[in-house]
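Let me begin by handing over the structure; questions about it come next.
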Amino acid sequence: MTTLLDTTIPRALDTIVAHFSNVRRGPVEIWLFEDEAARRDAERRLAAAGVQATIRSAYKPLVHAFLEEIGTEGLERVTVSMPNHPDGSAPRFRSEAYPLAGLLRGVFLQFEDGDQPLNYGLTLEYGGGRTERRAVFTPNRVRTDHLGQQVLAPCGWLRAGGTDEPLETEFEAAFWQAMAAIQAHAWPANPPYFDTLEIRVDTGGIERPLPFHDECLSTREALHEDFYFSLLELFQKRSGLAAGDRSLRPGQIIPDMRAATGPTRVHVALKPATVAAEKPADTAPLETAATPLEPARIRAELTALGGEKFAARSRQGRSVDGIHIAGSLPGLLITAGQHANETSGVVGALRAAPLLKQRPGINFALIAPENPDGYALHIRLREHHPRHMHHAARYTALGDDLYHRTTLPLYESEAKLEALRRTGALFHLNLHGYPAHEWTRPLTGYLPRGFGLWSIPKGFFLIVRHRPGLGDAAEKFLQELTRRLIQSAELRTFNESQLAAYRTHAGEVPFPVYNSIPCQIVETEVPLVPLTLITEYPDETIYGDAFRLAHTTQMRTVLEAADLYFNGLAQLVSETFQKQGHGTGV
Ligand SMILES: [Zn+2]
């Protein structure tokens, strides 16, 4: 193990309480990345020392103002004028107000451009004609980030006497100190740079579930996300790749955030990869699965399907398992868990497979999960934070996105190539998910860079990637598929609710919505398979009934899409593919 940083950072709240208890001057206003209980407790301690203090959340201050300070009884209409800062865009502040549209049910909510750099302006209209106006301060400072870019980032703040300025908190210091230590390390010339880079932070903060779908305000989750994506950006730059290039193979980045009290401990180290023992397979019915499946259960389900087994090896030596049910019908490939923190597709595929198998002549291959190293990391990270999205488990242990791997060694990718050799599939059902609650990067400007479209859930949606010549077929296919899927009233209600909140905070979905299901159609020279359907269910972090609706929707999509494929689509895809001189095999 090589330690890059091992340090302890004082808790800003403790420093502040000690300081003002001594100087006994007030009133004072403070913004910190602390939960409501800790802030109220500090206010009481300061009051006991004779200091009048108001301590607010520095994270999502507008949402916290509605949760803690603004009366919503009789509220009918809210107009929010957004901060207008030269270093921060309006879409970011509108996004930061999410999920007010979901929380203020029955209240008309609208946003307009404002002229204050760091204040939201609120007009609150209540029944009986009462109107209240107030400003909500949003503490932010301009920082130079790890790429040398200027970002407007939420920060701690102190307003007391003549002081009105940013206040460095442990939340910010832990991030920037770890980033600096990693940046300063003497890395090898070429990737992979490490087996695993582990950033362990034990810290306090906010963990507050909200009563709208799976929404939850979490500073530790935000810290994980910002570490993971900022480090990818850092190593992309070091490798000479563009920011966001998914082919980078730095190694496995593991931000491991733990809840703690007192000072914040930060430990950054390079470690060899370890393969932990797996839990035994459970036998509860898949239909009612309330949590992601253990790997042993997935293997047992694949074995129970019969057919021929095939496998590849992951970077860390785990088996990437597939089965092939051979028959005379056109080939079909089903995969799940390319992004291993998207778990409902695995259950959905395993539920669909035995039903598909009943179709005479069926010829399909199923691989689940495609990324077992990521899947194992997801299990490890969920032990401490089951409701965090854990994007570090999304990519492989090499650090790349599996489908962006085009050079040797192929590791996990060999399973898909084998499935295509066996089936000659012209249609790929690629089951995915995405965050079930808001995804933020507050340390580096709030919105997740390159993933702005994914930061707020917008219901279950579908993506078709097709070769030239299949655009009309893809559109007809999606219209019919969505017509069938939306027969589920539960799915319709869910999608319409999420889409309404999305539109208020992020604007119109930038692609067509068929039958309450957004559908993106992308024409591309897809390698290997001419037609791919990607499912996107907001499934990261959900359990219980929400998880059951997710995997039931994945299963229904597999069955309905396969039905449409065997009833006309396969013929069309095959003809188009052959006309383009590709032949039918792979
Ligand atoms: Zn995905």
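Note that ligands are numbered from 1 as they come in the structure, with each ligand's atoms numbered from 1 the same way.
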Among the N, O or S atoms that E342 has, which is closest to the Zn ion (ligand 1)? OE1

Hey, is E490 close enough to R548 for a salt bridge, meaning N to O under 4.0 Å? no

Give a yes or no on whether the backbone of K271 and the side-chain of T196 come within a donor-acceptor separation of less than 3.5 Å. yes

Can you classify the ring geometry of W439 versus F229 as parallel (below 30°), tilted (30 to 60°) or perpendicular (above 60°)? tilted

Considering only N, O or S atoms of H339, the one closest to the Zn ion (ligand 1): ND1

Which atom name does H432 have for its N/O/S atom nearest to the Zn ion (ligand 1)? ND1

In plain terms, say whether E414 and R313 are close enough for a salt bridge, that is, a side-chain N and a carboxylate O under 4.0 Å apart. no

